[in-house]
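Numbered from 1 within each chain, the chains take letters A, B, ... in sequence-line order. Here the structure is a predicted model, which is why all the values come from computation and not from measurement.
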Number of protein chains: 2
Amino acid sequence: MFEPSQAVQAVPGSAQTIHPAKVIAISSSSIKVACSNCNLRELCMPVGLNKEELARVDTLVDVRRKVKKGGALFHNGEKFTSLYAIRTGFFKTCVATEDGRDQVTGFQMAGEVMGLDGIVNDQHTCDAIALEDAEVCVLPFERIEELSHEIASMQRHVHKIMSREIVRENGVMLLLGSMRAEERLAAFLLNLVQRLHTRGFSQSELVLRMTREEIGSYLGLKLETVSRTFSKFADEGIIEVKQRHVRILNSDALRDLVSRPDCD
Amino acid sequence: MFEPSQAVQAVPGSAQTIHPAKVIAISSSSIKVACSNCNLRELCMPVGLNKEELARVDTLVDVRRKVKKGGALFHNGEKFTSLYAIRTGFFKTCVATEDGRDQVTGFQMAGEVMGLDGIVNDQHTCDAIALEDAEVCVLPFERIEELSHEIASMQRHVHKIMSREIVRENGVMLLLGSMRAEERLAAFLLNLVQRLHTRGFSQSELVLRMTREEIGSYLGLKLETVSRTFSKFADEGIIEVKQRHVRILNSDALRDLVSRPDCD
DNA sequence: CGACACCTTGAAGAGGTTCAAGAAATGTGG
DNA sequence: CCACATTTCTTGAACCTCTTCAAGGTGTCG
């Protein structure tokens, strides 16, 4: 009924990679692929750079970092020095209250940039945790500001990345503030699969890298509700669920759930 | 019991101003106060500029716009050209779904910058509505990028403003995702009064510029729940409420509600 | 002063949570 | 490679918070 085939995988070295390398930090000498040759180029970098600008941008990354599953890329309170572009792996970011509750504020995958929260007060205000073994490019923020100063399209690019994050969070606020459980989970699945598809994965099949509890935290629901809602979707033939493997059988039904609330 | 005294007001020409001017748009010639002399300077502008830089930043704003209560500064879908710094008045921003539901994503007051959502796709993704007659400084984004290019502290300032918005939204996600009605309203009141205090208003008394429904939308609650929660706080002697006039009698109680959920 | 928007309060109902138990998967150490 | 511990997931039943529906009160503005 549900073969966990890895046909889902398409872009090698991209998200959902399973086999980690063993190194912890890699100096520039061991980087084989420069930004200008990276297959995630279109996600991380500005477009329309000339040759000379490309060469300069290539100097931005001189360290990569590996983060083991469960490990932190940075913690709340930690000094902010760099942004991070994900090469491989999958992260969550979460904020916490004094009294221990925490809230997942996002899930990040290959090509996405993390750490923007740290700019305003020179320290991070959330934790970034790897949900699978991961590798990121370290982008020292001072170098980013220098490059932005020199290259107009780089400056524009940084502005767009930050604006995109603001718009994304607006969408999450809409979800948390006005949607019911089914709509939230439908929106979540559609969003995930769409981002994976952009990266060359299937439009209909995905492997969740997070627990029900983490999904619930992100969506403002309890893990039991997430589980029940998955089961309900499966009963209705909208999806097939086997643990963390999800196959979307009727994506129109999901879309209808998101755009038309309960009126039918 | 509750005199709606205007002792709340302190900074003339700042937020919570009640008497509007009549003009619609003002060209540079009629601007009496340059940024460098504006009393909101510390909120909008970078610090530590030298004289020459200050002069250049003064050229940024050459148009102001008045927006009548209920009017829109910009609409979802509208072409993005500028950011807006609020001089006087009070705004809400809201996003909408296709099916008509909408969600207030924030309330903005004097010295705060709006429009950041528009950068990523060159069009706005939310509506900005004036909740009282307002005046904003129009900051053409192309000029901002030019100035950022020339003045490092300006670039840094723009980054910080965007990062601050990301962090703010993280906080709202935490609120929407994991707090109960009382905690949400307590957090909301504390946040509002703190921002007003920064602008020279009372720490304990405020006039709400928005309806119960708008508060509810922002907090992910129905207007009846907001009203009931206000009444409950009033019964407990935590606040005094008379329509939109709120006096905080026990701000520690509010803080306790926010940081310690139900365990007491 | 009357129309309209906004606010308050009650009662019934629904959606999601909490508590609890058991099943399935995953990881670890022998 | 298997047994066991641990984590994760599923499902049921009772409960609770917030919503919905309804009615009346209050304030505001032309």
key: Gap between atoms CG and P, on B/L185 and D/dC18 respectively (whole Å)   = 11 Å
inquiry  = Contact list please: residues 212-226 of chain B against DNA chain C, heavy atoms, distance less than 4.0 Å, in numerical order.
reply    = B/R212, B/L223, B/E224
task = State, with a plain yes or no, whether a side-chain heavy atom of B/L176 is found less than 4.5 Å away from one of B/Q103.
result = yes
Range on DNA chain C touched by chain A - first to last nucleotide, heavy-atom distance under 4.0 Å = C/dG16 to C/dA25
task = Heavy atoms under 4.0 Å is the rule here; annotate nucleotides 25-30 of chain D 5' to 3' with B where the base is hit, S where only the sugar-phosphate is, and - elsewhere.
result = --S---
request  = Under 4.0 Å from any atom of DNA chain C, heavy atoms only: list the residues of residues 227-238 of chain A that qualify, in numerical order.
outcome  = A/R228
message = Whether the side chain of B/T225 engages the backbone of B/L221 through a donor-acceptor N/O pair (distance < 3.5 Å, no angle test) should be reported.
response = no
inquiry  = I'd like to check the side-chain contact (heavy atoms from CB on, under 4.5 Å) partners of A/T198; sequence neighbours left out, ordered by chain and number.
reply    = A/L43, A/Q194
query = Just wondering, do B/L254 and B/F233 contact through their side chains at under 4.5 Å, heavy atoms?
reply = yes
ask   = Are a donor atom and an acceptor atom from the side chains of A/S251 and A/R255 found within less than 3.5 Å of each other?
value = yes
Salt-bridge present (B/K66, B/E135; N to O < 4.0 Å) = yes
message = Does this structure show an ion pair linking A/R228 with A/E182, if we count only N-O contacts that are shorter than 4.0 Å?
response = no
query = Taking atom types as modelled and ignoring hydrogens, do the side chains of B/H75 and B/D127 form a donor-acceptor contact shorter than 3.5 angstrom?
reply = yes
ask   = Do B/F230 and B/L208 come close enough that some side-chain heavy atom pair is under 4.5 Å?
value = yes
query = Would you say A/R101's side chain and B/S178's backbone share a donor-acceptor pair under 3.5 angstrom?
reply = yes
key: Residues B/E236 and B/K232 bridged, charged N to O under 4.0 Å   = yes
ask   = Do A/M173 and B/E169 come within less than 4.5 Å of each other through their side chains, counting heavy atoms only?
value = yes
task = Scan B/R244 against the nucleic acid and name what it touches under 4.0 Å (heavy atoms): base, sugar-phosphate only, or nothing.
result = sugar-phosphate
query = Heavy atoms, side chains only, cut-off 4.5 Å: are A/F201 and A/L192 in contact?
reply = no
request  = Give me the bend of the helix from C/dC1-D/dG30 to C/dG30-D/dC1, using the axes of the five pairs at each end, rounded to 10°.
outcome  = 50°
inquiry  = Looking at B/E112 and B/R195, is there a salt bridge between them, counting it only when a charged N and a carboxylate O are closer than 4.0 Å?
reply    = yes
query = Does atom CD of A/E213 have more than 12 heavy-atom neighbours from other groups under 6.0 Å away?
reply = no
ask   = Roughly how many Å is it from CE in B/M179 to C1' in D/dT17, rounded to a whole number?
value = 17 Å
